[in-house]
Amino acid sequence: MMEPSETAAQSAETVTVNLIVNGEPRQLQVTPNVVLLDALRDELRLTGTKKGCDHGQCGACTVHVDGMAINSCLRLAVMCEGQHITTVEGLARDGQLHPVQRAFLEHDAYQCGYCTPGQMMSAAALLEDERIAADDASVREAMSGNLCRCGAYKNILEAVQDARREVAAGTEERS
Amino acid sequence: MRSFAYCTADDVSQAVTKHGADDRVAYVAGGTTLLDLVKLDVMRPAQLVDINRLPLDEVETLDDGRLRIGATVTNTDLAHHPEVKAHYPLLSQALLAGASTQLRNMATTAGNVMQRTRCPYYRDASAACNRREPGSGCDAMHGINRMHAVLGVSDQCIATHPSDMCIAMAAIGATLTLEGPDGKREIAFNDFHRLPGDQPEKEHELRPGELITHITLDTPIEGAGAYYLKLRDRASYEFALASAGAIVAVEDGVIREARLALGGVATKPWRSHEAELALHDQPAAVSTFEMAAEAAMQDAVPHEYNAFKIPLARQAIVRALREACRDAENANQQR
């Protein structure tokens, strides 16, 4: 068992964490209580990921950890040692927007834009997930962890469905 | 967020050793409850032991037909697991009715069992709450208690257990495997969570330093139908006002076996043996379901704003039983 003084001393110390962020190895020094969201924004200056509620209720902080969409406000950075993190900054590849980004532009799927990075990260994960059925209700359900206070849901849904059809068509062409 | 120390463990015994049965130490897996409550200063761990590296992420069918689920299997993976979808559809439905995609991707099976109430007075460190701070009183009792429980309440606490997954497990029947400083032991799922009584701070039967390592579901009831109905203020991503999980086996229009558990209305995952008794050997008809619903809610105790939950839960029970019977009929026809 640890003595209280020892615990306090340890908890103030920083820890080295190795992450692969948007394909690049990154090393950071954080105290154990730093959540992934704050590490990305404050340590790595990747401010595309937004802080909304900070309690896993709004989805503004959604990023991918090893391909899964998660709330980065409820994950400690130290828990992500060695993991692949994708943020909204990593969606575009080789100067080409991700299909979800193109679809959000085309469908005007935002108003103020604060929730948009989180919405797009959830949408990008959904495109790859065959367990989510194609109908509108299933997509709305899968996206329900991302709140939009401007109420742009109608266009968000259209954008996600459009991007999903585009990716599905591309997959068929290739196969 | 307050500061704490952090370590990882590679196997169960190492995790238990690092925990040291110290009440200032907490295990962390998904972290969706723990970190939320640390930010609110409701939980105050001095150290976290990360159990994500433990080899507890497998789902396997045992020789006796039961399904053994590792503690760190995520809610998403469990909901979509082929064995769960095929033999425990109630569990899959309940899991997918809970939280959001992101939270289900993070939240684990054992963590879901350990999640805390969403009572706003519990979550507010400045409010009186016997569950958070024994003896401080209960601001929910005469406060805004619309979301609170009507079953299993005490004069100390009326907080609702928030889980959907646990409602399915209560109906299916399951066994928890625990490992702690004194070794391994098992406990029935329905004996794990405690009623608040006069010690609402004691939420479950875990001993100091014990870790849930597996949850093993009872063998499925052959030919049964199942349905999870969740009623809430919005269609998705919201806790239940009332939910009902029903499993029913029907033969020649008569209910051979029935399981019913309720969520959103009780202080723990609520298995209703009263309702099951009222269903057994009775015709699979709405009049039977209504009698079962009456039996399930007969001991309900309302407070100022939550009396509506009693008729709401009764309706949820009738509808869930009706749909489960339909599901059973479909299954019978396919055989």
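These numbers come from a predicted model, not from an experiment. Chain A is the first sequence line, chain B the second, and so forth, proteins listed ahead of strands; every chain is numbered from 1.
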To the closest 0.5 Å, what do you measure between OG1 (B:T32) and CD1 (A:I70)? 10.5 Å
Just how far is it from atom NZ of B:K85 to atom CZ of A:R131, taken to the nearest 0.5 Å? 8.5 Å
In Å and rounded to the nearest 0.5 Å, what is the CE to OG1 distance from A:M68 to B:T76? 5.0 Å
Okay, B:D50 and chain A: the region with an atom under 4.5 Å from a heavy atom over there is side chain
At a heavy-atom separation under 4.5 Å, does A:L76 approach chain B through its side chain, its backbone, both, or neither? both
Please examine the side chains of A:M143 and B:T101, heavy atoms only from C-beta on, and report whether any two atoms are closer than 4.5 Å. no
Select one option (side chain, backbone, both, neither) describing which atoms of B:R104 are under 4.5 Å from chain A's heavy atoms. side chain
Where does A:D129 contact chain B at under 4.5 Å (heavy atoms): side chain, backbone, both or neither? neither
Are B:M1 and A:V34 side-chain neighbours, meaning at least one heavy-atom pair lies under 4.5 Å? no
Test side chain to side chain contact (heavy atoms under 4.5 Å, CB included) applied to A:E141 and B:L96, step by step: CA-CA 9 Å; A:E141 169 61 39; B:L96 293 174; over 6 Å; no
Under a 4.5 Å cut-off applied to non-hydrogen side-chain atoms, are B:Y6 and A:M79 in contact? yes
Selection from A:V65, A:N146, A:V15 maximising heavy-atom pairs under 4.5 Å formed with chain B: A:N146
Where on B:A97 is there a heavy atom nearer than 4.5 Å to chain A: the side chain, the backbone, both, or neither? neither
Are B:K39 and A:V35 packed together at the side-chain level, in the sense that at least one heavy-atom pair is separated by less than 4.5 angstrom? yes
If you look at every heavy atom in B:L35 and A:L74, which pair is closest and at what distance? CD1-O, 3.2 Å
Does the side chain of A:S122 reach to within under 4.5 Å of the side chain of B:Q102, using non-hydrogen atoms? yes
Distance in Å, B:D36 CG paired with A:N71 CG, rounded so as to fall on 0.5 Å steps: 10.5 Å
